[in-house]
There are 2 protein chains.
Amino acid sequence: MSRSSFEESLMQFVEELKDESEMTEKQRRILQASLKLFAAKGFHASSTAEIAREAGVAEGTIFRHYKSKKDLLLAVVAPVLVKFAAPFILKDVRVIFQEQAKKPLAEVLTELYRNRLELIGANEKHVRILLQEAFFHEEIREAMLSTVYQEVKRLAAKLIEERKEAGELRPLPTEAVFRMVLSSLVGLILFKHVTEPEEYAKRSDEEQIALTVDMLLYGIANR
Amino acid sequence: MSRSSFEESLMQFVEELKDESEMTEKQRRILQASLKLFAAKGFHASSTAEIAREAGVAEGTIFRHYKSKKDLLLAVVAPVLVKFAAPFILKDVRVIFQEQAKKPLAEVLTELYRNRLELIGANEKHVRILLQEAFFHEEIREAMLSTVYQEVKRLAAKLIEERKEAGELRPLPTEAVFRMVLSSLVGLILFKHVTEPEEYAKRSDEEQIALTVDMLLYGIANR
DNA sequence: AGTGAAAGTGAGTAATCACTCACTCATTCG
DNA sequence: CGAATGAGTGAGTGATTACTCACTTTCACT
């Protein structure tokens with residue numbers, strides 16, 4: 001059920017995704033208003049009446065383009081999954097494996113963290129909605145895990161094992177190393193966007209990334 | 001506004017908290033049903049009619065005890081803030097600073113991670129609601145940050161600086177070290193409860209914690 | 001200029017929402 | 001025993017919900 005529900009609802013959705021150029025003005029404004037309201041108040045707390053008002057559109061117009069409110073949520077959210085999945089898989093697969101295979105690990109990690117911070121900064125509201133609604137909608141949660149996460153993990157595992165064999169990484173379990181790399185990134189993102197925006201801002205992104213990569217590679221203990 | 005809103009709504013709430021013994025049977029069942037539904041579907045998607053049905057109670061009974069639905073949410077959530085804040089501040093302040101001041105850092109961290117994993121495992125639904133609703137309700141978000149987080153940070157900063165002076169920790173910025181310690185913990189929790197429960201379960205909690213502390217202290221790189 | 005299709009509208013609908021209130025029942029206390 | 005108190009009830013409230021549909025407007029193409 002949930003597997004096919006995911007493939008039917010999300011994959012179908014991604015296929016049918018119009019790019020912005022072939023939308024009408026009003027349709028674009030509906031998406032924009034939904035983005036704003038969903039991010040601010042959440043999906044269930046945002047009514048279609050409010051969305052229509054915010055978009056300067058009749059309520060009926062929403063349902064002309066999206067057959068239900070949930071459809072509208074998916075339309076807002078799906079492009080981000082594509083945006084996140086595609087750069088991760090398409091761009092970084094090249095960056096990490098081809099260009100950077102000879103580069104030092106610290107540089108690869110720095111580039112990765114920089115790239116992810118930028119991507120999230122540029123899509124803050126979308127990410128917000130994605131995380132919020134992943135709590136409730138299994139389709140979204142599963143889409144995130146099975147599309148983005150699993151692929152990232154697969155790529156990372158390969159890289160980690162290569163570097164382990166090359167003696168650059170300690171002989172630790174691959175998935176533990178992966179967890180640590182991801183944890184550091186998530187922590188960095190949380191500090192920047194949630195818990196301590198001002199404290200974070202005392203250092204530049206570059207400094208924060210450099211610190212994080214350094215601690216990740218060499219630990220916090222003195223030897 | 002938000003400062004006083006926090007103090008008025010949450011602090012007042014915590015003061016008025018009845019413990020379970022002085023609740024009626026029905027009141028306990030209302031809280032229990034709310035916990036279940038809020039955790040499963042979220043606050044806005046759970047109706048008071050549904051809560052009443054789940055609790056086996058008339059809808060009016062809910063409003064006899066809680067003057068609004070939001071009041072009910074706070075009643076479900078507040079005890080967790082107290083549970084989390086109190087053990088963190090009261091118990092761990094002793095554990096970390098008095099008993100463990102002479103212990104090796106690895107042991108202190110291990111004890112801390114073990115303790116937090118247990119606490120979260122025992123309150124999974126509450127934590128879930130707390131995080132979900134922190135997205136939308138500023139009072140909850142601010143309560144978490146200003147009560148729990150700030151205090152934890154203050155305590156951790158002290159510990160970190162002591163260990164830095166003792167030469168056990170590298171001379172890194174305190175808040176960067178704090179971020180790393182917390183990131184590792186959050187990552188561990190996410191892997192256990194969200195992304196990879198099965199993968200995680202291949203190793204015992206103790207092993208996972210030991211791995212995490214090891215990577216945190218000494219890094220993932222070979223030297 | 002005329003036609004067909006798509007875009008847009010907004011009043012209307014049944015369902016559901018959080019919440020109220022007049023009431024009953026059980027318990028306690030003087 | 002009688003009065004007072006508070007828990008519990010469920011039908012009823014107006015507001016709001018997502019969604020529909022008969023209709024008008026816009027516009028591309030002949």
Side-chain angles (χ1 to χ4, degrees), chain A residues 9 13 16-38 40-77 129 132-133 136-137 139-140, chain B residues 9 13 16-38 40-77 129 132-133 136-137 139-140:
Chain A
S9 73
F13 229 90
E16 287 173 4
L17 262 189
K18 305 177 178 179
D19 67 303
E20 292 202 359
S21 62
E22 42 185 319
M23 288 179 187
T24 61
E25 167 67 16
K26 305 240 169 182
Q27 195 174 354
R28 238 173 288 126
R29 294 177 62 180
I30 289 168
L31 280 182
Q32 187 187 325
S34 303
L35 176 66
K36 179 175 170 184
L37 288 173
F38 289 167
K41 316 172 52 177
F43 174 70
H44 278 291
S46 310
S47 69
T48 50
E50 204 179 356
I51 293 169
R53 205 181 316 124
E54 174 78 28
V57 149
E59 205 174 341
T61 308
I62 293 175
F63 293 95
R64 171 91 24 205
H65 295 288
Y66 306 97
K67 66 175 191 285
S68 71
K69 191 186 164 193
K70 184 153 187 173
D71 238 54
L72 179 56
L73 172 65
L74 290 180
V76 171
V77 145
I129 296 175
Q132 277 169 200
E133 301 312 327
F136 311 119
H137 304 276
E139 305 145 347
I140 293 180
Chain B
S9 72
F13 228 91
E16 286 172 3
L17 263 187
K18 304 177 179 180
D19 67 303
E20 291 201 359
S21 62
E22 42 185 318
M23 287 180 189
T24 60
E25 167 67 16
K26 305 241 167 181
Q27 195 173 353
R28 237 173 287 126
R29 293 177 62 181
I30 289 168
L31 280 182
Q32 187 186 323
S34 303
L35 175 66
K36 179 176 171 184
L37 288 173
F38 288 167
K41 316 173 52 180
F43 173 71
H44 278 291
S46 311
S47 70
T48 50
E50 204 179 355
I51 293 168
R53 205 182 317 124
E54 174 78 29
V57 149
E59 205 174 341
T61 309
I62 293 175
F63 294 95
R64 170 99 15 212
H65 294 289
Y66 306 97
K67 67 174 191 288
S68 71
K69 192 185 163 194
K70 184 152 187 172
D71 239 54
L72 179 56
L73 172 65
L74 290 180
V76 171
V77 146
I129 297 175
Q132 277 169 200
E133 301 312 327
F136 310 118
H137 304 276
E139 305 144 348
I140 293 179

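All figures in this text were calculated on a predicted structure; none of them were measured in a lab. Computed over heavy atoms, backbone and side chain alike; hydrogens, waters and symmetry mates excluded. In what follows, chains carry the letters A, B, and so on, assigned in the order in which the sequence lines appear, proteins first and then strands, with residues in each chain numbered from 1.
For the pair B/Lys67 NZ and C/dT20 P, the interatomic distance rounds to 11 Å; values are reported in whole Å. Atom NZ in A/Lys26 sits roughly 14 Å away from atom C1' in C/dA6 (whole-Å rounding). Straight-line distance from the CG atom of B/Leu37 to the P atom of C/dA18: 11 Å, rounded to whole Å. When rounded to the nearest whole Å, the span between CE of B/Met23 and C1' of D/dG6 equals 17 Å. When rounded to the nearest whole Å, the span between CD1 of B/Ile62 and C1' of C/dT20 equals 14 Å. Per the geometry, OH belonging to B/Tyr66 stands 11 Å off P belonging to D/dG8, to the nearest Å. Across the protein-nucleic acid pair, A/Glu50 atom CD and C/dC17 atom C1' stand 16 Å apart, rounded to whole Å. Across the protein-nucleic acid pair, B/Ile30 atom CD1 and D/dG8 atom C1' stand 10 Å apart, rounded to whole Å.
Among the nucleotides D/dC19, C/dA18, C/dT9, the one closest to any side-chain atom of A/Glu59 is D/dC19. Picking from D/dG8, D/dC19, C/dC19 the nucleotide with the shortest atom distance to the side chain of A/Lys69 gives D/dC19. Comparing atom distances between the B/Arg64 side chain and each of D/dC19, C/dT9, D/dA7 picks out D/dA7 as nearest.
Regarding contacts with the backbone of C/dC17, a side-chain N or O of B/Ser47 is found under 4.0 angstrom from either OP1 or OP2. Listed pair A/His44 / D/dA18 fails the phosphate criterion, with no side-chain N or O lying under 4.0 Å from OP1 or OP2. Within the 4.0 Å cut-off from OP1 or OP2 of C/dA7, not a single side-chain nitrogen or oxygen of A/Thr61 is found. Side-chain N/O atoms of B/Thr24 include one lying less than 4.0 angstrom from OP1 or OP2 on D/dG8. For the OP1/OP2 pair of C/dA18 and a distance below 4.0 Å, the side-chain nitrogens and oxygens of B/Ser68 include no atom meeting the criterion.
At most 12 non-hydrogen atoms from other residues, nucleotides or ligands lie less than 6.0 angstrom from NZ of A/Lys36.
Put simply, the side chain of A/Gln27 never gets that close to the backbone of A/His65: no donor and acceptor are under 3.5 Å apart. Proximity of a side-chain donor or acceptor of A/Lys69 to a complementary backbone N or O of A/Phe43 within less than 3.5 Å is detected.
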Next item on the list: Check the pair B/Glu25 / B/Arg28 against salt bridge (charged side-chain N to carboxylate O under 4.0 Å, His left out), numbers first and verdict last.
Entry: CA-CA 5 Å; B/Glu25 167 67 16; B/Arg28 237 173 287 126; 3.4 Å; yes
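Taking the six-membered ring for Trp and thresholds of 30 and 60 degrees, A/Phe136 and A/His44 have ring planes more than 60 degrees apart, a perpendicular arrangement.
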